Amino acid sequence: MAIVIVGAGIGGLTTALSLHQAGFRDIAVYERAAVLRPLGVGINLLPHAVRELTELGLGERVAGLGVAPGALAYYNRRGQQIWREPRGLDAGYRWPQLSVHRGRFQLELLAVVRDRLGADAVHTGHRLVGVQDGVARFETAAGEVRVTGDLIVGADGIHSILRRHHHPGEGAPVWNGLTLWRGSVRAPGFLDGRTMIMAGDAEQKFVAYPIAPGLINVVAERRGPGFAGPNADWNRTVDPAPVVALFAGWRFPWLDVPALLAAADEILEYPMVDRDPIDTWTHGNTTLLGDAAHPMYPNGSNGASQAILDARTLAFHLATASTVRQALDAYETDRRPATTALVLSNRRHGPEQVMVLAHERAPDGFAHIHDVIPPDELNEIATGYKKAAGFLPADLNERPSLTPTVFSGVLQ
């Protein structure tokens, strides 16, 4: 069975590794970039994703790339704590949460794919231009290349060509008016050195967490005309001074936000965009995965984790269903409703809703957060999001593995 994967991002590479583990061997990944470089900044891999990476034999390798946060804490603009909860192993999971540099993680996956599937498993410089009757057409520097696949998986991101092929009238991603500026800073840790913090509200927010010893990932966010739009360059470097000025008054006893932003090696600008959920990812022998299937706002730090879950679920069903179509139907049944709910939840701020409520109910601060948001309401928001995203500790710890043990599917 020949499988073509379009896109060598986190989702596409994890799909290749998952399919290989499931017994498939005719797997090829096609990436539009001529060279894969360690672009981007920090991301969080939640315990449900780390479980899947561990079951792929990558747990120690990925853990060595970053930091395992022990807590997540939300604050208002004054630095007053709204909610704090343990994360990863400290929260009772059997797997940690990991904060890593996205580019380093992608290159690590790439190295493992080439080691396990072969040095020529990933083809760079191939831009998908169309798919018809099981044939994917790619534009390359040497001309058009046609590749036949029994299955074609679109893991080509929020601007997916395969998605556009089947949904030509969808248009550009939808911008919600927020602009994000991201970077990394060499600086001492804050609080206990293992806490991920989010401060602010629906109009303006700051996020910081360590991704390596002495290296902090920072994210600044502001609503308004801003510096970006829906068609912005996703790796555009900008002058940090205007961003620092937006946060000039954000100095907390435990963190100087403008100083941290000013010390960043560089600041990259991103629009906050997603797409409306679609009613099917599968057309014939093609399907979508990751941001190609369900691009979502980064609230809840779930984008990369959901792509990994997609990859593992798809491989599991291909290894255990009788036909490709049955496998793709089962994959969508498992993943599409869950990710649709997450896309919509993130539009309502996801777990960061606690910051929105605190600002709406006490814009000038509070004496005690429980005077503003009852503890049961805080807990319900946090627990509800974990349940929707598939990482309640008990549920995740007890869920059956997605590593197939009996290969009764389309391989047979």
Side-chain angles (χ1 to χ4, degrees), residues 41-47 66-93 96-100 180 182 184-185 187-212 215-221 247 249-261 297-302 305 346 349-363 365-386 389 391-393:
V41 284
I43 60 170
N44 277 280
L45 300 171
L46 300 182
V67 172
L72 168 64
Y74 298 97
Y75 297 83
N76 65 9
R77 294 190 186 203
R78 297 167 176 258
Q80 295 178 299
Q81 184 174 293
I82 300 167
W83 172 256
R84 180 183 176 91
E85 64 179 29
R87 302 294 275 193
L89 299 177
D90 292 29
Y93 294 100
Q97 177 172 322
L98 297 173
S99 301
V100 301
L180 285 73
R182 310 185 69 172
S184 56
V185 184
F190 52 87
L191 296 175
D192 63 356
R194 294 184 60 229
T195 296
M196 177 179 182
I197 69 101
M198 299 187 183
D201 47 61
E203 300 302 308
Q204 190 166 345
K205 183 176 71 179
F206 177 78
V207 179
Y209 52 90
I211 56 174
L215 187 64
I216 298 172
N217 188 73
V218 294
V219 185
E221 178 182 312
F247 291 83
W250 292 46
R251 291 183 171 86
F252 312 144
W254 45 273
L255 187 67
D256 187 329
V257 172
L260 203 59
L261 285 169
Y297 299 155
N299 301 332
S301 304
N302 238 303
S305 295
N346 283 5
H349 309 290
E352 296 165 28
Q353 185 183 0
V354 296
M355 297 190 295
V356 178
L357 293 176
H359 179 71
E360 289 175 350
R361 298 176 187 179
F366 45 80
H368 194 287
I369 186 56
H370 293 164
D371 298 332
V372 179
I373 310 176
D376 287 350
E377 187 176 4
L378 289 167
N379 187 66
E380 182 180 353
I381 292 169
T383 301
Y385 190 79
K386 291 186 185 72
F391 69 110
L392 276 175

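Computed from a predicted structure; not experimentally measured.
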Worksheet, complete the sentence: Looking only at heavy atoms, the pair that brings L46 and G300 closest together is CD1-O, 3.7 Å

Discussion item. Would you compute the distance between atom NZ of K205 and atom CE of M355 and round it to the nearest 0.5 angstrom?
Written reply: 5.0 Å

Item to complete: For residues A362 and V372, report the shortest heavy-atom separation together with the two atoms involved.
Response: CB-CG2, 3.8 Å

Worksheet entry | Interatomic spacing from CH2 in W83 to CG in L72 - rounded to 0.5 Å | 10.0 Å

Worksheet item: Going from CZ on R77 to CZ on F206, what distance comes out if it is rounded to the nearest 0.5 angstrom?
Response: 14.0 Å

Item to complete: Please list, chain by chain and in numerical order, all residues satisfying ring pair (Phe, Tyr, Trp, His ring centres under 6.0 Å) with F247, sequence neighbours excluded.
Response: W250

Worksheet item: Is the side chain of Y93 donor-acceptor paired with the backbone N or O of F391 at a distance under 3.5 Å, no angle test?
Response: yes

Worksheet item: Can you tell if the side chain of V100 reaches within under 4.5 Å of the side chain of I43, non-hydrogen atoms only?
Response: yes

Discussion item. Ignoring hydrogens, what is the shortest heavy-atom contact between L215 and S184? Give both atom names and the distance.
Written reply: CD1-CB, 3.9 Å

Response to the item:
One should read off an interatomic distance between W254 CH2 and Y75 OH, to the nearest 0.5 angstrom, of 4.5 Å

Practice prompt. For R78, check salt bridge (charged side-chain N to carboxylate O under 4.0 Å, His left out) against everything at least two apart and list the hits.
Written response: none

Fill in: Residue pair M196 / V207, side-chain heavy-atom distance below 4.5 Å
yes

Worksheet item: Can you check whether L180 reaches P298 side chain to side chain, under 4.5 Å on heavy atoms?
Response: yes

Worksheet item: Does CD in E377 sit with more than 12 non-hydrogen atoms of other residues, nucleotides or ligands closer than 6.0 Å?
Response: yes

Worksheet entry | Where R182 and G42 come nearest, the two heavy atoms and their spacing | NH2-O, 2.8 Å

Worksheet item: Of all heavy-atom pairs between L260 and V185, which one has the smallest distance, and what is that distance?
Response: O-CG2, 3.3 Å

Worksheet item: When rounded to the nearest 0.5 angstrom, what is the spacing between CZ in R251 and CG in D256?
Response: 5.0 Å

Worksheet entry | Y74 OH to I369 CD1 distance, which is reported to the nearest 0.5 Å | 13.0 Å

Discussion item. Test your reading of the model: is there a side-chain donor-acceptor pair from N217 to the backbone of I211, 3.5 Å cut-off?
Written reply: no

Worksheet item: Which heavy atom in L98 sits nearest to a heavy atom in A68, and how many Å separate them?
Response: CD2-CB, 4.0 Å

Practice prompt. Look only at the side chain of N346 and the backbone of H349, and say whether a donor-acceptor pair between them is shorter than 3.5 Å.
Written response: no

Worksheet item: Backbone N or O of P69 within a donor-acceptor pair of the R87 side chain at under 3.5 Å?
Response: no

Worksheet entry | Side chain proximity check, I82 to F366, heavy atoms < 4.5 angstrom | yes

